[in-house]
Amino acid sequence: MTDVPDTMQAIDPAQAGGPDVLVPVERPVPPPRAGEVLVRVAAAGVNRPDVLQRQGNYPPPPGAPSIPGLEIAGEVVALGDDVDPDLLGTRVCALIAGGGYAEYAVAPAAQCLPVPDALSDVEAAALPETLFTVWTNLFERAFAVEGDTVLVHGGTSGIGTMAITLGNLFGLETIVTVGSDEKRAAALAIGADHAINYKSEDFVARVKEITGGRGCAAVLDMVGGDYVPRNLQCLSEDGRHVSIAVQRGASATVPLFDIMRRRLTLTGSTLRGRDAAFKALVTEEIARTVWPFAAAGKLKPVMDRTFPLAQAADAHRRMEEGAHVGKIVLTMG
């Protein structure tokens, strides 16, 4: 174990509220339990669930810290019991259930990925949450395979840019929706095959046009509400609809006979509340299938901007304004 202080700077708001509640406070450095590592955090990704948690709308799962932050990168400085001693002193990035907005955080060793030389700590911290989400939902739940056409809403968000990146690596034709012509240009520059400005075009009609009337194999949806029946109109026969967020509403009215007739699948998932065993399996799969691209410098997150930990409030304001393209990351020290 390297020198680890007793206390650290962290963002741990006492009550829900606006971005102003995100101020640095002193907290004890958490000790790693069996199967965990303690990471000296170099950078932590900012994600939509962090905003919801700050607003009081997404409490941490049982046992998770109240400190927000679902992905980190940094150096392993202490080990819990039953952890490979070779991990000490290595650079890792990790998916965690909370605790990332701090100078130190614990992570299950089985949810850590080694940071290759091709990635900076800031880039590595921007990967786990969106990578695990897109991989489990687009590739595992929606069974997207090479040659498939997929529709992804929120094309310039962290999730959207990751879907474009993975789509290019795994041979998907990716159609995304965005809210402005500037974002449309950004999505195409990042590598989307098609980008639709939903404010000036009907995405259902455009998807039919792009696919020659066939529709797409899968929709990755973070909008919910009245988008769901429209998404179903975009699907080909045997198409899969995967819900991962409900920004426009948690319920929808869907045409059951159409779902039966065209054999559509409606599914969805949340990642944060899944158990450690599931996340360990996903980590293993990503290490095997996706991480070689990271080592080769071919998997990089699209970066929006970084903020120092003390300016976490500004990072949340940036996310809530919706002008960002790619990932927002907090840096320590």
Side-chain angles (χ1 to χ4, degrees), residues 45 47-49 70-71 95 113 126-178 187-188 190-196 203 207 210-211 214-224 227-228 230-247 263-274 278-279 281-294 298-302 326-327:
N47 292 283
R48 186 73 54 184
L70 303 175
E71 57 185 350
L95 181 75
L113 289 159
L127 284 171
E129 170 70 10
T130 57
L131 177 55
F132 280 62
T133 298
V134 174
W135 184 259
T136 54
N137 288 290
L138 191 56
F139 292 88
E140 292 185 343
R141 300 193 78 79
F143 306 110
V145 293
E146 189 174 353
D148 276 351
T149 302
V150 299
L151 171 64
V152 179
H153 292 299
T156 53
S157 67
I159 295 281
T161 53
M162 176 57 70
I164 294 168
T165 302
L166 289 180
N168 286 333
L169 291 175
F170 289 92
L172 308 182
E173 181 180 18
T174 309
I175 306 170
V176 300
T177 63
V178 293
L188 292 170
I190 292 159
D193 294 289
H194 311 274
I196 302 165
F203 73 80
V207 168
I210 290 164
T211 60
R214 284 188 321 281
C216 50
V219 175
L220 185 64
D221 179 53
M222 57 186 88
V223 185
Y227 261 49
V228 176
R230 297 173 70 197
N231 291 337
L232 299 186
Q233 293 176 48
C234 296
L235 285 173
S236 60
E237 294 201 343
D238 297 295
R240 286 84 65 191
H241 183 283
V242 188
S243 298
I244 57 167
V246 289
Q247 289 174 17
R263 303 174 302 281
L264 305 181
T265 301
L266 274 67
T267 183
S269 75
T270 59
L271 183 60
R272 189 180 188 183
R274 295 298 294 271
F278 171 79
K279 291 175 184 173
L281 278 176
V282 177
T283 308
E284 209 175 278
E285 192 173 316
I286 284 172
R288 196 175 64 248
T289 53
V290 186
W291 215 238
F293 290 112
K298 292 179 181 171
L299 173 67
K300 294 228 176 200
V302 176
K327 291 288 298 201

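Numbers here are sequence positions counted from 1.
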Can you tell me how far apart [atom1] ([X]) and [atom2] ([Y]) are? Round to the nearest 0.5 Å.
{"X": "Thr211", "Y": "His194", "atom1": "OG1", "atom2": "NE2", "result": "9.0 Å"}
{"X": "Thr283", "Y": "Phe132", "atom1": "OG1", "atom2": "CZ", "result": "3.5 Å"}
{"X": "Arg240", "Y": "Leu264", "atom1": "CZ", "atom2": "CG", "result": "10.0 Å"}
{"X": "Glu140", "Y": "Thr267", "atom1": "CD", "atom2": "OG1", "result": "11.5 Å"}
{"X": "Tyr227", "Y": "His241", "atom1": "OH", "atom2": "NE2", "result": "11.5 Å"}
{"X": "Thr133", "Y": "Leu95", "atom1": "OG1", "atom2": "CG", "result": "7.5 Å"}

Which atoms form the tightest heavy-atom contact between [X] and [Y], and what is the distance?
{"X": "Leu188", "Y": "Ala195", "answer": "CD2-N, 3.9 Å"}
{"X": "Gly268", "Y": "Asn137", "answer": "C-OD1, 4.4 Å"}
{"X": "Ala192", "Y": "Val176", "answer": "CB-CG2, 4.0 Å"}
{"X": "Val134", "Y": "Ile159", "answer": "CG2-O, 3.7 Å"}
{"X": "Ser157", "Y": "Met222", "answer": "OG-CE, 3.8 Å"}
{"X": "Pro292", "Y": "Ala287", "answer": "CD-O, 3.5 Å"}

Among all residues two or more places apart in sequence or in another chain, which pass the side-chain hydrogen bond (donor to acceptor under 3.5 Å, both in side chains) test with Thr289?
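Checked Thr289 against side-chain hydrogen bond (donor to acceptor under 3.5 Å, both in side chains); zero matches.
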Side chains of Cys216 and Val219, heavy atoms from C-beta outward: is any pair under 4.5 Å?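 Result yes, sub-4.5 Å side-chain heavy-atom pair found.
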Could you check if a side-chain atom of Leu70 sits within less than 4.5 angstrom of a side-chain atom of Pro49, using non-hydrogen atoms only?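 Counting from C-beta outward, Leu70 and Pro49 do come under 4.5 Å.
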Legend entry - side chain to side chain contact (heavy atoms under 4.5 Å, CB included) assessment of Leu166 paired with Leu138: CA-CA 10 Å; Leu166 289 180; Leu138 191 56; over 6 Å; no
Item to complete: Using the side chain to side chain contact (heavy atoms under 4.5 Å, CB included) rule, take Leu113 and Leu127 through it: C-alpha gap first, then chi angles, then the decisive distance, then the call.
Response: CA-CA 10 Å; Leu113 289 159; Leu127 284 171; over 6 Å; no
Paired with Asn231, the side chain to side chain contact (heavy atoms under 4.5 Å, CB included) test is passed by just one of Asp221, Val207, Val223, Leu220, namely Asp221
Only pairs under 3.5 Å count here: list side-chain donor-acceptor contacts from residues 142-152, not counting sequence neighbours, and write none if there are none.
residue, atom, partner, partner atom, Å
Asp148, OD2, Val145, N, 3.1
Thr149, OG1, Glu173, OE1, 2.8

Exercise for the section: If the plane angle is over 60° it's perpendicular, under 30° parallel, otherwise tilted; pick one for Phe203 and His153. Expected result: perpendicular
Checking [X] side chain against [Y] main chain: does a donor-acceptor pair fall under 3.5 Å?
{"X": "Glu129", "Y": "Glu71", "result": "no"}
{"X": "Lys327", "Y": "Asn47", "result": "no"}
{"X": "Asn168", "Y": "Gly191", "result": "yes"}
{"X": "Thr161", "Y": "Thr156", "result": "no"}

Pair Phe293, Phe170 - check ring pair (Phe, Tyr, Trp, His ring centres under 6.0 Å), show working.
CA-CA 11 Å; Phe293 290 112; Phe170 289 92; 5.5 Å; yes
